[in-house]
Amino acid sequence: MNDIKAIISDIKAGNLKPIYFLMGEEPYYIDKISDYIEENVLDDSEKGFNQVVMYGRDVTIDEIIASAKRYPMMADKQVIIVKEAQDLSRTIDAIETYAQNPQVSTVLVFNYKYKKLDKRKKSYKAIAKNGLIYESKKLYDNQVADWIRRVLSGKKYTIEPKASQMLVEFLGTDLSKIANELDKLTAVLPQKTIITDKHIEQNIGISKDFNNFELRKAIGQKDIVKANRIINYFTQNPKNNPLVMTISLLNSFFTQLLIYHGLRDKSKGSVAKNLGINPYFVDDYTVSVKKYPMRKVSQVIGFLREADIKSKGVGANQSQGDILKELLFKILH
């Protein structure tokens, strides 16, 4: 996020680059920077003649370069934004010649999502020398909860660990989706609110009692009754609780337990660091490690792999609900 702030600050100060090449696996920040340039570099009166949005599937590199070489009309700058620029991946290296001597009165923005330029290529080196290359990296699962906390802190909100974990487990690592849901929360809750699992349930629709977080906790504690209640709810609401997500999250959990078993230093700080979790949740893992010896953990990971294969229709003709119930029985017994 600090990189983003620095880029935005430079743009605000009028320190504009002739080329912004925004690339990488996480589209959220690519859109953030691109949208800021689109909305703020030119005045409304200048945009009509001097701001163009193109789409990679509809243009060629030669057409983009021809537009970039034009001079602005009655303005100091023109802005050209190429969205979905990854559609130009086969010919993108042809930007090298222009990048070696870009038009200083043009701000050329490439939104190159889900892909990266090869750093060894001349095109990359030319853009890096005369423009700006920003790589937007996808966050790991264990980084997203902290990202949520920082975003909300910037808006003067705090969030309880369970509430942020519910968002991660329901929405995954898609920052755009998460940001949309956070916007919903901050639109209805006053600043300085401490966001809880109840707020998540009331405003986003994720059940605070029947979700993957609670299922993982029930399994970790070997609470058979609670775990069965949750999977029965999942079976009745399969669209909101896809089996593939449940299996993935349980696999991550038991993999973490396997790591825990192998730790020499089992202090709270060491466990949190090595498992990539909030220290708030370490006690839950400590309980689970006692209930699942290493041999059982390895066995459960095997069960999860079998369930994953079955969920894809390989070697079994079972409903998603039956696969989940069978999996739960094997884990808990």
Side-chain angles (χ1 to χ4, degrees), residues 3-119 121-137 174-176 179-180 183:
D3 289 345
I4 305 297
K5 289 178 181 177
I7 292 169
I8 298 298
S9 293
D10 270 353
I11 295 170
K12 280 183 180 178
N15 300 323
L16 292 160
K17 302 291 185 181
I19 304 175
Y20 288 86
F21 202 95
L22 315 174
M23 64 183 192
E25 291 297 319
E26 177 49 67
Y28 178 76
Y29 285 120
I30 292 174
D31 287 336
K32 277 284 183 185
I33 297 170
S34 177
D35 289 348
Y36 187 85
I37 291 171
E38 185 175 353
E39 293 166 10
N40 294 281
V41 169
L42 297 180
D43 294 336
D44 289 340
S45 61
E46 298 172 327
K47 289 178 182 178
F49 291 110
N50 298 293
Q51 186 155 291
V52 179
V53 176
M54 303 176 173
Y55 289 86
R57 65 179 178 271
D58 299 326
V59 294
T60 66
I61 289 292
D62 288 341
E63 289 170 335
I64 294 168
I65 292 171
S67 295
K69 285 182 175 179
R70 294 179 191 143
Y71 290 96
M73 293 181 63
M74 296 178 290
D76 294 329
K77 297 284 185 183
Q78 70 161 341
V79 174
I80 298 172
I81 298 172
V82 186
K83 298 189 176 183
E84 308 302 332
Q86 66 274 12
D87 290 336
L88 293 162
S89 59
R90 292 183 179 179
T91 57
I92 195 67
D93 288 331
I95 197 67
E96 178 204 339
T97 304
Y98 176 79
Q100 288 175 345
N101 186 28
Q103 178 70 268
V104 294
S105 59
T106 295
V107 178
L108 176 58
V109 183
F110 288 93
N111 294 356
Y112 199 77
K113 297 178 179 178
Y114 316 112
K115 294 186 178 183
K116 297 185 292 182
L117 282 181
D118 187 336
K119 293 182 180 181
K121 295 285 186 73
K122 291 181 180 178
S123 55
Y124 180 97
K125 293 174 182 177
I127 297 170
K129 180 181 179 181
N130 296 313
L132 180 144
I133 296 178
Y134 172 75
E135 183 180 348
S136 184
K137 297 179 180 179
D174 187 326
L175 300 188
S176 295
N180 286 337
D183 286 342

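Since we're looking at a predicted model, the values are computed, not measured.
Rounded to the nearest 0.5 angstrom, Leu16 CG and Asp76 CG are separated by 10.5 Å. Taken to the nearest 0.5 Å, the CD1 atom of Ile92 stands 7.5 Å off from the OG atom of Ser123. Distance NZ/Lys116 to CD1/Ile133: 12.0 Å, rounded to 0.5 Å. One distance of note links CD1 of Ile61 with CZ of Arg90; it measures 14.0 Å at 0.5 Å rounding. Once rounded to the nearest 0.5 Å, the distance linking CD1 of Ile7 with CD1 of Ile37 reads 8.5 Å.
You'll find the side chain of Ser136 stays beyond 4.5 Å of the side chain of Tyr28, heavy atoms only. The shortest side-chain heavy-atom distance between Val109 and Ile80 does not fall under the 4.5 Å cut-off. No side-chain heavy atom of Thr106 sits under 4.5 Å from any side-chain heavy atom of Lys77. Side-chain contact between Asn111 and Glu84: absent, with no pair of heavy atoms (C-beta onward) separated by less than 4.5 Å. Side-chain contact check for Val82 versus Phe21: every heavy-atom pair is 4.5 Å or farther apart. Using a 4.5 Å cut-off on side-chain heavy atoms (C-beta onward), Leu22 and Phe110 make no contact. No side-chain heavy atom of Val79 sits under 4.5 Å from any side-chain heavy atom of Asn50. Between Val52 and Ile81 the shortest side-chain heavy-atom distance does not fall below 4.5 Å.
Gln78 places a side-chain N or O within donor-acceptor distance of the main-chain N or O of Ser67, the cut-off being under 3.5 Å. A side-chain donor-acceptor contact under 3.5 Å links Asn130 to the backbone of Gln100. Distance alone, capped at 3.5 Å, is enough to place a donor-acceptor pair between the Asp174 side chain and the Ser176 backbone. For Glu46 (side chain) and Asp43 (main-chain N/O), a donor-acceptor pair under 3.5 Å exists by modelled atom type. Put simply, the side chain of Glu63 gets close to the backbone of Thr60: a donor and an acceptor are under 3.5 Å apart.
Using a cutoff of 4.0 Å between basic side-chain nitrogens and carboxylate oxygens, Asp10 and Lys17 are not scored as salt-bridged. At a threshold of 4.0 Å, the pair Lys137-Glu26 does not count as salt-bridged, since none of the basic side-chain nitrogens sits closer than that to a carboxylate oxygen. In this structure, Lys83 pairs ionically with Glu38, as a charged nitrogen and a carboxylate oxygen lie closer than 4.0 Å.
Atom NZ of Lys113 has more than 12 heavy atoms from other residues, nucleotides or ligands within 6.0 Å. Counting non-hydrogen atoms of other residues, nucleotides and ligands closer than 6.0 Å to CG of Asn40 gives a total above 12.
What you find for Asp87 and Gly56 is that their closest heavy atoms are CB-C, 3.9 Å. Pairing each heavy atom of Ala99 with each of Ile127, the nearest pair is CB-CG1, 3.8 Å. The two residues Pro72 and Ala75 make their nearest non-hydrogen contact at CG-O, 3.4 Å. Across all non-hydrogen atoms, the minimal contact from Gln103 to Ala68 is CB-O, 3.4 Å. Shortest non-hydrogen contact noted between Lys47 and Leu42 is CE-O, 3.2 Å. Nearest heavy-atom pair across Tyr112 and Ile30 is O-CD1, 4.2 Å.
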Let me see the working for Tyr36 and Val41 under side-chain contact (heavy atoms from CB on, under 4.5 Å), right down to the final yes or no. CA-CA 8 Å; Tyr36 187 85; Val41 169; over 6 Å; no

Evaluate side-chain contact (heavy atoms from CB on, under 4.5 Å) for Leu108 paired with Tyr20, printing each intermediate quantity in order. CA-CA 6 Å; Leu108 176 58; Tyr20 288 86; over 6 Å; no

Report the C-alpha distance between Ile19 and Tyr98 in whole Å, list the side-chain angles of each, state the deciding distance to 0.1 Å, and finish with yes or no for side-chain contact (heavy atoms from CB on, under 4.5 Å). CA-CA 10 Å; Ile19 304 175; Tyr98 176 79; 4.1 Å; yes

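Looking at Lys121, Lys122, Lys125 one by one, the single match for salt bridge (Lys or Arg N to Asp or Glu O under 4.0 Å) with Asp93 turns out to be Lys121.
Judged purely by distance below 3.5 Å, without hydrogens or angles, the side chains of Ser89 and Lys115 pair a donor atom with an acceptor atom.
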